[in-house]
S.K.: 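Can you read through this structure? Questions will come right after.
So that the names make sense, note that chain A is the first sequence line, chain B the second, and so on, each numbered from 1.
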2 protein chains.
Amino acid sequence: MVKNEMKKAITIKDIAKIAQVSESTVSRALRNNEVINKKTRERVQAIAKENNFKINAAARNLRLQKTNTIAVIILFNEKSGQSISDPFMLELLGTIADELTIQGYDMLLTTSKTTPGDWGNYYFESKRADGLIVIGQGEKDERIGLLAGENTPFVVWGLPDETKNYSTVGSDNIKGGYLAVSHLIAQGCKRIAFFGDIKHPEILARWQGYQQAHKEAGLIVDENLRTNLDFTSADGYKHAKNVFSKNVISADATFTGKNCPDALFAVSDAIALGAMKYFKESDIRMPEQVSIVGFDDIAQSEYAHPSLSTIKQNTKQGGVILVQNLLKKLKGEVIKTQLLEVELVKRESSAS
Amino acid sequence: MVKNEMKKAITIKDIAKIAQVSESTVSRALRNNEVINKKTRERVQAIAKENNFKINAAARNLRLQKTNTIAVIILFNEKSGQSISDPFMLELLGTIADELTIQGYDMLLTTSKTTPGDWGNYYFESKRADGLIVIGQGEKDERIGLLAGENTPFVVWGLPDETKNYSTVGSDNIKGGYLAVSHLIAQGCKRIAFFGDIKHPEILARWQGYQQAHKEAGLIVDENLRTNLDFTSADGYKHAKNVFSKNVISADATFTGKNCPDALFAVSDAIALGAMKYFKESDIRMPEQVSIVGFDDIAQSEYAHPSLSTIKQNTKQGGVILVQNLLKKLKGEVIKTQLLEVELVKRESSAS
DNA sequence: AAACTTATTGCAATCGATTGCAAAGCATCT
DNA sequence: AGATGCTTTGCAATCGATTGCAATAAGTTT
């Protein structure tokens, strides 16, 4: 029972010795280089397998100046203090992970909560990754702008911004806002509350869609109907209470007050679900008294009661395109910003 | 405007040249090795900073035979086809990510959906990572057992299993099941449906807790009350419909049938929330007609209506311990399997 | 049989950082 | 002055895989 294997890893040199060939031949044989005699190749490969040879990634990376790894950086809202939280972001992350694996890349993940922040240097310059994918909840982050100044290859999930010199992949947020609000207006709603923080560019775009829908319907936009909040159910609940209780709903719980919102467009399903809890508690009927449309189409929305109407983002497509664009960029191809289609999913919370 | 920087990365050799010292001195100075004269150290460090020197991780890893990287492997249910899906797993992943960053490690993430599967070899033997963290939805996976045979350092989230020779971190599932069901029994429930697949060891443990609570209360366990399903709201909904409609609820929607379950213990909140949708649709009142307790305490549970009682797993603690245990193991310390406390969170879905 | 291809293989340098050991510099002591 | 000891620095090997180029072997042509 002597443990003579010791943990000394087996290298190309060992294989070379066993196979009675040079290290270069082993290297070429393992990569199935045609220049090596087929018999030799197969023999070396067999020996490598028998001896459970595994290539040393560090050595290979050093020599090739390539890591076959992509760093994914998740920005998050400093305020809310949560790292990976929103279900939508997670879906996106999942598809990115899958696509990277399919493309033969490893994924280095970091949440910017604890990260020093100098990703370009940390991941790319120091050769930990060949490129970066940055995803965040629509926050503006100067660091992205800085990255663009360096020669780090990266792509960003978010709002296309022509003034920037980097390319992004993201949903058509203006259209999303427009679809949601047009739908609510079509249901007869006249005063539609908007729950979302327009400091985030993506949310601002949704607000623009909101305005556009109003203009088209000949309705006036009342800025007072807009509330800034976080992407959490907690905030959705809290602000629903604020906005819909105070001076809005008359004593008999019907909407009679002049300023009553009769609908809610929440910029994330998480927010909407939080708000719905308040409505339930207060016996405000949905959609009779308040129609609701969310954004993202997270899994839970279908199982809410009433089920939540929402704007579906194509996460699957988004993740795949992010990865593919980055890989194209690595090959030197020029890639362009991409706008993904969104779709209105009608459910009970806004049915007429 | 000559682009003379060219993308040629700056190395220790360059710094050495500029500082007029040898490469070894630069290396030592940058690591702040006391043996180098303080003045020299500071001068070299300043020069390195000025020139935006970033260490080449590949070279360093190769020389040191260490990567400062941990691979996190997320197993997933082959059937459901979803990769990162359950909110609970994601919370756990988030805390692991944070803790790894705090400890100065990078995190390589993979979902086993697309991964070849031979993680021990791929990540550890080929020196992509110093160790592995395996998390999964309680599935049995022979691959974990195989890992244990090799000398790959790893830790697993899951059920402590004394028959295995690897250590795990996980919640006290038996106690969780016991707490949930005792609580339901205390509320007067007599026939408690169990939604969960006992093929998963963790779920089996919860079922044992279920039985234990029954025994303690002098109640008989009816195996027919147990249903195997996936960790999804979709399955929760579907099976709630199956179990609670067929022969269970009398025409007037009150519970009169002999076999009526009067409560539900779901092994995940996602399942519970799916089931609740069915109850809402069918005007089955919660908790009057059916009391419900879930498992995990995901964010959404508090915002359901009625809010969902559940067994809270300490994800935060779990993630931190997983990481710390692995790092201890890397240092050669012996670590032991750890059982985390769980807690009953009483909310409206089971209030009396 | 000499000259020339063509197919295979090996030599040796390279990627960039680290470190044991030797050497040089300098001060102190006898 | 010479010996001794300490501080500081540099030389050169090493980690493991890859690849341009040279070398050898084998086959073909004249």
S.K.: Heavy-atom contacts under 4.0 Å between residues 55-70 of chain B and DNA chain D, which residues?
M.R.: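 The stretch gives L62(B), R63(B), Q65(B) as the residues lying under 4.0 Å from the strand, ordered by number.
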
S.K.: Is the backbone of A29(B) close enough, under 3.5 Å, to the side chain of Q45(B) for a donor and an acceptor to pair up by distance?
M.R.: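 Here the side-chain-to-backbone pair exists.
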
S.K.: Listed by chain and number, what are the side-chain hydrogen bond (donor to acceptor under 3.5 Å, both in side chains) partners of T69(B), not counting sequence neighbours?
M.R.: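 T69(B) satisfies side-chain hydrogen bond (donor to acceptor under 3.5 Å, both in side chains) with no residue once adjacent residues are dropped.
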
S.K.: Using five pairs at each end of the helix from dA1(C)-dT30(D) to dT30(C)-dA1(D) to define an axis, what is the angle between those two axes, to 10°?
M.R.: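 The angle, to the nearest 10 degrees, is 70°.
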
S.K.: Would a distance-only check, ignoring hydrogens and angles, find a side-chain to backbone donor-acceptor pair under 3.5 Å from R60(B) to I55(B)?
M.R.: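 No, the answer is negative, given that no donor and acceptor are paired below the 3.5 Å cut-off.
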
S.K.: In residues 14-26 of chain B, what residues come within less than 4.0 Å of DNA chain C, judged by heavy atoms?
M.R.: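 Heavy-atom cutoff 4.0 Å gives S24(B).
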
S.K.: With a 4.0 Å heavy-atom cut-off, tell me which residues in residues 35-50 of chain A come close to DNA chain D, sorted by residue number.
M.R.: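 Heavy-atom cutoff 4.0 Å gives no residues at all.
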
S.K.: First contact, last contact: which nucleotides of DNA chain D are these for chain B, 5' to 3', heavy-atom distance under 4.0 Å?
M.R.: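 The protein-touched segment is dT8(D) to dG16(D).
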
S.K.: Output all residues satisfying side-chain contact (heavy atoms from CB on, under 4.5 Å) with R28(A), sequence neighbours left out; order by chain, then residue number.
M.R.: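 side-chain contact (heavy atoms from CB on, under 4.5 Å) check on R28(A) returns S24(A), N33(A), V35(A), I36(A).
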
S.K.: Side-chain donor-acceptor contacts of residues 319-332 of chain A below 3.5 Å, not counting sequence neighbours, with atom names and distances?
M.R.:
| from | atom 1 | to | atom 2 | distance (Å) |
| --- | --- | --- | --- | --- |
| Q324(A) | NE2 | E99(A) | OE2 | 3.3 |
| K329(A) | NZ | F154(A) | O | 3.1 |

S.K.: Under the side-chain hydrogen bond (donor to acceptor under 3.5 Å, both in side chains) test, which residues partner Q65(B), sequence neighbours left out?
M.R.: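 If we apply the side-chain hydrogen bond (donor to acceptor under 3.5 Å, both in side chains) test to Q65(B), skipping adjacent residues, there are no hits.
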
S.K.: Run the salt bridge (charged side-chain N to carboxylate O under 4.0 Å, His left out) test against D130(A) and tell me which residues pass, sequence neighbours left out.
M.R.: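 With sequence neighbours excluded, D130(A) shows a salt bridge (charged side-chain N to carboxylate O under 4.0 Å, His left out) to K66(A), given in chain and number order.
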
S.K.: Please enumerate all residues that pass side-chain contact (heavy atoms from CB on, under 4.5 Å) together with K49(A), with sequence neighbours excluded.
M.R.: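 With neighbours one apart ignored, the set is empty.
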
S.K.: Can you name the residues that form a side-chain hydrogen bond (donor to acceptor under 3.5 Å, both in side chains) with S126(A), not counting sequence neighbours?
M.R.: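 Expected list: R128(A).
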
S.K.: Within a reach of under 6.0 Å around CD of E333(A), are more than 12 heavy atoms found that belong to other residues, nucleotides or ligands?
M.R.: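 Above 12, so yes.
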
S.K.: Nearest-nucleotide wise, let me know which of R28(A) and I12(A) is further upstream toward the 5' end of DNA chain D.
M.R.: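 Nearer the 5' end of the strand: I12(A).
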
